[in-house]
Amino acid sequence: MKRNVNDKTSYKNLSWKERREKRFREGLKKPIKTQIHPWNIISYLIQLAIVIVVYDFLRNHFMMLVLYLVAAAPVLDIVGLIFLHRALKIELTAPERDVSRFSVGYLNLKLVNPSILVSFDVNVKLDVESAFYGDESGAIISLPCSARSEYEKQIPIKYSMNGIYKYAIKVFTVRDLLGFVSLKKKADALAEVSVFPEKDLATGFDMSDMNRGMTESEESAKKGHDFSDVSDVREYIPGDKLMSIHWKLSAKRDILMVKDRVSMSDQQMVILVELSGQDEAVDEVITLAYAVIKRLVQEQTYVKMLWWSEGRFSFEERQIMNLENLKTAFGDMYYESIYFDPEKTKGYMQSIYPELKAYLNATIQNGRAEIVVVEQD
C-alpha cells in the first residue's frame with residue numbers, strides 16, 4: 001500500500017516502538033481475504049524434489065510409498081479444506097448487554113466445527129464500532145480448530161467511555177494443514193453492548209439552584225404521560241378519560257374498568273443534554289446528566305430530557321419517571337452523532353420551546369462538565 005509524503009514524514013518522527021504499533025493498527029484495517037501462500041508451496045516443491053531424488057537413488061518400495069504420499073498430500077489437503085470451509089461456523093455473544101463505564105465486560109466467541117477435519121489456523125476479524133463517537137477499530141484473532149469440537153474464547157474488554165458498542169464478525173479465514181491456501185468465508189455474527197455511567201457515581205449535587213429549571217408538568221408533558229400512581233381499579237363513570245381505561249381487565253369482566261390514580265407530582269424538571277464538543281467532553285456531560293437525572297428520579301421528581309438530533313434536525317424528548325426510563329432514554333441517545341456548535345441548541349430552544357421560562361443545560365463550561373440553569377425571556 002502506497003503512502004504519501006506526509007505519511008513518510010510522520011513515520012520518520014516516530015520511535016521504533018511507535019512505528020511498530022502504527023503498522024499493526026494499519027494492518028487491522030486491511031480486509032481479510034482468500035490468500036495463496038507461495039513460500040509454503042515452494043517449500044513443499046523442494047521437499048517433493050528431495051523425495052524424488054532419494055527414490056531415484058534407492059529405488060525401493062518404501063521410498064516409492066513415501067513419494068506417492070507426498071505427491072497425493074496436496075490433493076487430499078485441498079479437498080479437506082473445502083469440506084472444512086463449508087462446515088465451520090462462528091458465533092458471537094455478549095453475556096452482559098448493559099455494563100458500567102470503567103468496568104470490564106466480556107464477549108464470547110465460539111468456533112463450531114461439526115466435521116472430523118482440522119485446521120491449525122483460523123483467523124477471525126472482529127470489527128468494533130461506536131457510532132456515537134464515530135470510532136471504528138478491529139482485531140484479528142487466531143483460533144485452533146479441532147475435529148468435532150466447539151472452541152469457545154472469552155474476550156475481556158474494559159470500557160472507558162459511555163455509548164453503544166457494536167461488535168461484528170463478517171468474515172474469517174481457514175487455512176489448510178500444509179499452509180498453501182487461506183480460504184475466506186462470510187459470517188454474520190453480531191453483538192451489542194450499552195455502556196452507562198458507573199453505578200457508584202457520587203451524586204452529592206447542590207440541587208437548590210436547579211429548582212429554577214422546574215416547569216408545570218401539565219403544560220409540558222406529552223400526551224399519554226401522566227405523573228401519577230394507580231391506587232385502585234373501579235367501574236367506568238361517564239366523564240372518565242379513555243386513557244385511564246384498564247382494557248385487559250375490562251375484556252375479562254365484560255364491563256369497562258378504569259384505573260383510579262393519585263397524583264404524585266405536578267412539576268417536572270426539564271434538562272437539555274448537550275452533545276456538542278470533543279468525545280471526552282461529551283462523555284463527561286453524559287455522565288453528569290445521568291447522575292443528576294438519576295438522583296431527581298430517586299427523589300420522585302419527574303424529568304423531561306431533551307437533546308438535539310442532527311440526523312432528524314429536531315429535539316428528541318423523553319419523559320423519565322423511573323430508572324428503566326432513564327436507561328432507555330440514554331440508550332436511544334447513544335444512536336445520535338456528536339456536533340460541534342453548542343450555540344445553535346440554545347437558539348433552537350428559544351424558538352421551539354418559548355413557553356419554558358427556565359431549564360437545566362448539561363454542558364461544558366470552563367473545560368468541565370456542569371449543570372447550568374438557562375433562563376429564557
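Note that the structure is a prediction, hence the values are computed from the model and not measured.
A donor-acceptor contact under 3.5 angstrom links the side chains of S309 and E336, judged on distance only. E280 and Y133 form no side-chain donor-acceptor contact under 3.5 Å, judged by distance and modelled atom types alone.
Without hydrogens or angle criteria, T287 side chain to D283 main chain gives a donor-acceptor distance under 3.5 Å. The backbone N or O of D176 sits nowhere less than 3.5 Å from a side-chain atom of D77 that would complete a donor-acceptor pair. At least one donor-acceptor pair closer than 3.5 Å links the side chain of T328 to the backbone N or O of E324. No donor-acceptor pair under 3.5 Å is formed between the side chain of K185 and the backbone N or O of T173. Put simply, the side chain of N325 gets close to the backbone of M321: a donor and an acceptor are under 3.5 Å apart. Listed for the Y339 side chain is no donor-acceptor partner under 3.5 Å among the backbone atoms of G277. Under a 3.5 Å cut-off, the side chain of S119 and the backbone N or O of D121 do form a donor-acceptor pair.
Centroid-to-centroid, the aromatic rings of Y348 and W308 come within less than 6.0 Å. Outside the 6.0 Å centre-distance limit, the rings of F196 and Y159 are not counted as a close aromatic pair.
In terms of hydrophobic clustering, with Ile, Leu, Val, Met, Phe, Trp and Tyr side chains grouped at heavy-atom distances under 4.5 Å, L177 and L45 are assigned to different clusters. Cluster membership for M161 and Y106, using ILVMFWY side-chain heavy atoms within less than 4.5 angstrom, is not shared. The cluster map of Ile, Leu, Val, Met, Phe, Trp and Tyr, joined by side-chain heavy atoms under 4.5 Å apart, puts V373 and M305 in the same cluster. Linking ILVMFWY side-chain heavy atoms closer than 4.5 Å, directly or via other members, places L48 and I78 in a single hydrophobic cluster. Linking ILVMFWY residues whenever their side-chain heavy atoms come closer than 4.5 Å, directly or via other members, places I155 and V128 in the same cluster.
Under a cut-off of 6.0 angstrom, the local environment of OH in Y151 is crowded, with over 12 non-hydrogen atoms contributed by other residues, nucleotides or ligands. For I36, the CD1 atom sits in a loose shell: 12 or fewer heavy atoms of surrounding residues, nucleotides or ligands are nearer than 6.0 Å. No more than 12 heavy atoms of other residues, nucleotides or ligands lie within 6.0 Å of CZ in F120, so this atom counts as exposed by the packing criterion.
Checked for salt-bridge contact, E129 and K166 miss the test: no charged N lies under 4.0 Å from a carboxylate O.
The shortest distance between side-chain heavy atoms of V118 and C145 does not fall below 4.5 Å. Between F57 and V53 the shortest side-chain heavy-atom distance does not fall below 4.5 Å. Annotation: side chain of L275 is in contact with side chain of M333 (closest heavy-atom distance under 4.5 Å). Side-chain atoms of D98 and V193, non-hydrogen and from C-beta on, never get closer than 4.5 Å to each other. Taking the side chain as every heavy atom from C-beta outward, I271 and Y359 never approach each other to under 4.5 Å. At least one side-chain heavy atom of L81 sits less than 4.5 Å from a side-chain heavy atom of V174. The shortest side-chain heavy-atom distance between N113 and E150 does not fall under the 4.5 Å cut-off. Using a 4.5 Å heavy-atom cutoff, the side chains of L88 and V112 are not in contact.
The nearest pair of heavy atoms linking I320 to A329 is CD1-CB, 4.0 Å. Residues A289 and F330 come closest through the heavy atom pair C-CZ, 4.1 Å. Summarising the geometry of P144 relative to L111, their closest heavy-atom pair is O-CD2, 3.5 Å, with the distance given to 0.1 Å. Summarising the geometry of A87 relative to S115, their closest heavy-atom pair is CB-CB, 4.1 Å, with the distance given to 0.1 Å. Across all their heavy atoms, L92 and A189 have their closest contact at CB-CB, 3.7 Å. Nearest heavy atom pair, residue A168 against residue L190, reads CB-CD2, 3.5 Å.
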- Task: Please step through side-chain contact (heavy atoms from CB on, under 4.5 Å) for the pair L360 and L272, ending with a clear verdict.
- Result: CA-CA 6 Å; L360 301 182; L272 171 65; over 6 Å; no
- Tell me, with the steps shown, if S182 and H37 meet side-chain contact (heavy atoms from CB on, under 4.5 Å). CA-CA 8 Å; S182 294; H37 305 283; 2.8 Å; yes
- Go through the steps to decide whether K304 and E317 satisfy the test salt bridge (charged side-chain N to carboxylate O under 4.0 Å, His left out), and finish with yes or no. CA-CA 7 Å; K304 176 192 278 187; E317 299 181 13; 3.8 Å; yes
- Assess whether ring-ring contact (aromatic ring centres under 6.0 Å, His included) is satisfied between F180 and Y44, documenting all intermediate values. CA-CA 9 Å; F180 293 162; Y44 164 77; 5.5 Å; yes
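Atom CG of L58 sits about 6.0 Å away from atom CE of M63, to the nearest 0.5 Å.
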